Each structure stands twice: as structure tokens, then as C-alpha cells.
Amino acid sequence: MIGVSDERFEHWWEKSKPFIADALEKSGETHSVEDVKDALQSNYAIFYPVRNGAAIFRVEHHPRRKLLNIWLAGGDMDANIDGILEAAEFHAKEFGCSGISVAGRKGWARVLKPRGYDYKRVVLIKDMN
């Protein structure tokens, strides 16, 4: 289990599930909470629980660079954003990534710009119910 020891995973996962569920709902509902748990248990994603929140990172391989993606983040971000970004930088270096990517709601650009993140693109989703 990347990010949390196997013996502590279930404890932290249960505490973090509501924050992950909320982040999934706001990100387009492309995955279920169980899908995220499966990704963590298969070492496809990195789990970073924090007090009153959690983040999930993934390493993305692109033709010209490897990026650490902050896939999901939920909970008390005012209190936890700096710790989450520090953890993302640690894991990006650990996995040889040349940068960190974040896709999120519009307000994240305002929060992240002073921390060295630049706007690159927007993601739009049309639901086809």
C-alpha cells in the first residue's frame, strides 16, 4: 500500500471515505469509492490521509513527461492544503516526475497560483443522462 502501512490502511480509509466520496461527487463521478480503494490496494494510486481530509495521487505517464496528479482531495482544505502539496512534491520526486498536475473546480486556481501552480487548461463534462 503506497502512502499508508497495510496495518493502518483500514483505519485511515474508514475515516477518509466521506471526504473521498465528496471529492468524487464534485469531480464528475467517474469512479466510486470502492474503485478508489481498489486503485490504492493495487498500488495504482497513493493514499494521503490528513486530519479531517484526504488526498489521492496518481502517477501519469505521458509521451514527453511523467506527472504526479493530485487526483482527489477532500475535507478541510484550508487546514490541509500545504501538507497535501508537500506530500505531492515528495511523491513526485520519489517517482521521478517532472511536475504535478491538478484538475479541479475553478476556485483551486486562486488557491494554488500563489503556491507556484499555473493555469494550463480547463476540463468540461457534459452529462448524457
Side-chain angles (χ1 to χ4, degrees):
M1 193 80 41
I2 300 172
V4 174
S5 65
D6 288 343
E7 61 273 0
R8 298 295 293 155
F9 176 77
E10 288 299 328
H11 166 79
W12 286 108
W13 178 251
E14 288 304 314
K15 288 176 133 327
S16 300
K17 271 181 14 181
F19 306 119
I20 299 303
D22 186 51
L24 286 167
E25 183 180 321
K26 292 174 182 171
S27 69
E29 300 177 292
T30 59
H31 295 73
S32 71
V33 172
E34 288 306 310
D35 294 331
V36 175
K37 184 177 183 181
D38 290 344
L40 293 167
Q41 291 178 320
S42 65
N43 289 327
Y44 177 69
I46 303 162
F47 183 36
Y48 188 72
V50 294
R51 178 182 286 189
N52 297 318
I56 309 291
F57 310 134
R58 296 189 294 195
V59 175
E60 296 181 339
H61 298 269
H62 301 280
R64 297 188 178 256
R65 65 190 302 201
K66 184 168 36 167
L67 298 172
L68 184 91
N69 176 252
I70 302 174
W71 176 25
L72 299 165
D76 183 359
M77 289 298 107
D78 288 336
N80 294 313
I81 189 64
D82 290 323
I84 288 171
L85 295 177
E86 286 175 21
E89 288 186 26
F90 170 83
H91 289 293
K93 290 175 185 169
E94 180 181 39
F95 288 98
C97 298
S98 63
I100 299 170
S101 68
V102 179
R105 292 177 292 151
K106 222 186 244 187
W108 280 113
R110 178 182 38 80
V111 171
L112 296 175
K113 186 156 184 65
R115 293 170 169 90
Y117 288 74
D118 290 322
Y119 171 83
K120 297 291 184 196
R121 63 180 169 201
V122 65
V123 175
L124 303 167
I125 297 174
K126 178 181 180 180
D127 289 325
M128 305 294 289
N129 296 337

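When reading the values below, keep in mind they use all heavy atoms of this one structure, side chains included, and skip hydrogens, waters and symmetry mates. Keep in mind the model is a prediction, meaning the values are calculated, not measured.
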Requested in this report: Consider only side-chain heavy atoms of I, L, V, M, F, W and Y, link residues closer than 4.5 Å, and tell whether Val102 and Phe95 are in one cluster.
Outcome: yes

Query raised in the report: Should the pair Phe57 and His91 be assigned to parallel (<30°), tilted (30 to 60°) or perpendicular (>60°) ring geometry?
Result: tilted

Query raised in the report: Closest approach of Val59 and His61, non-hydrogen atoms and distance?
Result: CG1-NE2, 3.8 Å

**Report entry** Sequence neighbours excluded - salt bridge (charged side-chain N to carboxylate O under 4.0 Å, His left out) pairs with any residue from residues 57-66
**Finding:** none

Query raised in the report: Excluding sequence neighbours, so at least two apart, what forms side chain to side chain contact (heavy atoms under 4.5 Å, CB included) with Val111?
Result: Ile81, Trp108, Arg115

Query raised in the report: Do Tyr119 and Leu112 pass the side-chain contact (heavy atoms from CB on, under 4.5 Å) test, and can you show the C-alpha distance, the side-chain angles, and the key distance before you say yes or no?
Result: CA-CA 9 Å; Tyr119 171 83; Leu112 296 175; over 6 Å; no

Report task. Return the set of residues passing side-chain hydrogen bond (donor to acceptor under 3.5 Å, both in side chains) with Asn80 (not counting sequence neighbours), or none when no residue passes. Result -> none

Side-chain donor-acceptor contacts of residues 70-79 below 3.5 Å, not counting sequence neighbours, with atom names and distances?
from, atom 1, to, atom 2, distance (Å)
Asp76, OD1, Asp78, N, 3.4
Asp76, OD1, Ala79, N, 3.3

Requested in this report: Identify whether Tyr48 and Leu67 are in the same connected component of the hydrophobic contact network (ILVMFWY, side-chain heavy atoms under 4.5 Å).
Outcome: no

Query raised in the report: Between Ile56 and Ala45, what is the shortest heavy-atom contact and its length?
Result: CG2-CB, 3.8 Å

Query - All side chain to side chain contact (heavy atoms under 4.5 Å, CB included) counterparts of Glu34, not counting sequence neighbours - result: Ser32, Lys37

Query - Heavy-atom closest pair, residues Leu40 and Trp13 - result: CD1-CZ3, 3.5 Å

Query - Close side-chain approach of Ser101 and Asn69, heavy atoms under 4.5 Å - result: yes

Requested in this report: Check the pair Leu24, Asp35 against side-chain contact (heavy atoms from CB on, under 4.5 Å), reporting the backbone distance first and the verdict last.
Outcome: CA-CA 11 Å; Leu24 286 167; Asp35 294 331; over 6 Å; no

For residues 15-22, run the donor-acceptor check on the side chains, cut-off 3.5 Å, and write out each pair with its distance to 0.1 Å, sequence neighbours left out.
from, atom 1, to, atom 2, distance (Å)
Ser16, OG, Trp12, O, 2.8
Asp22, OD2, Lys26, NZ, 3.0

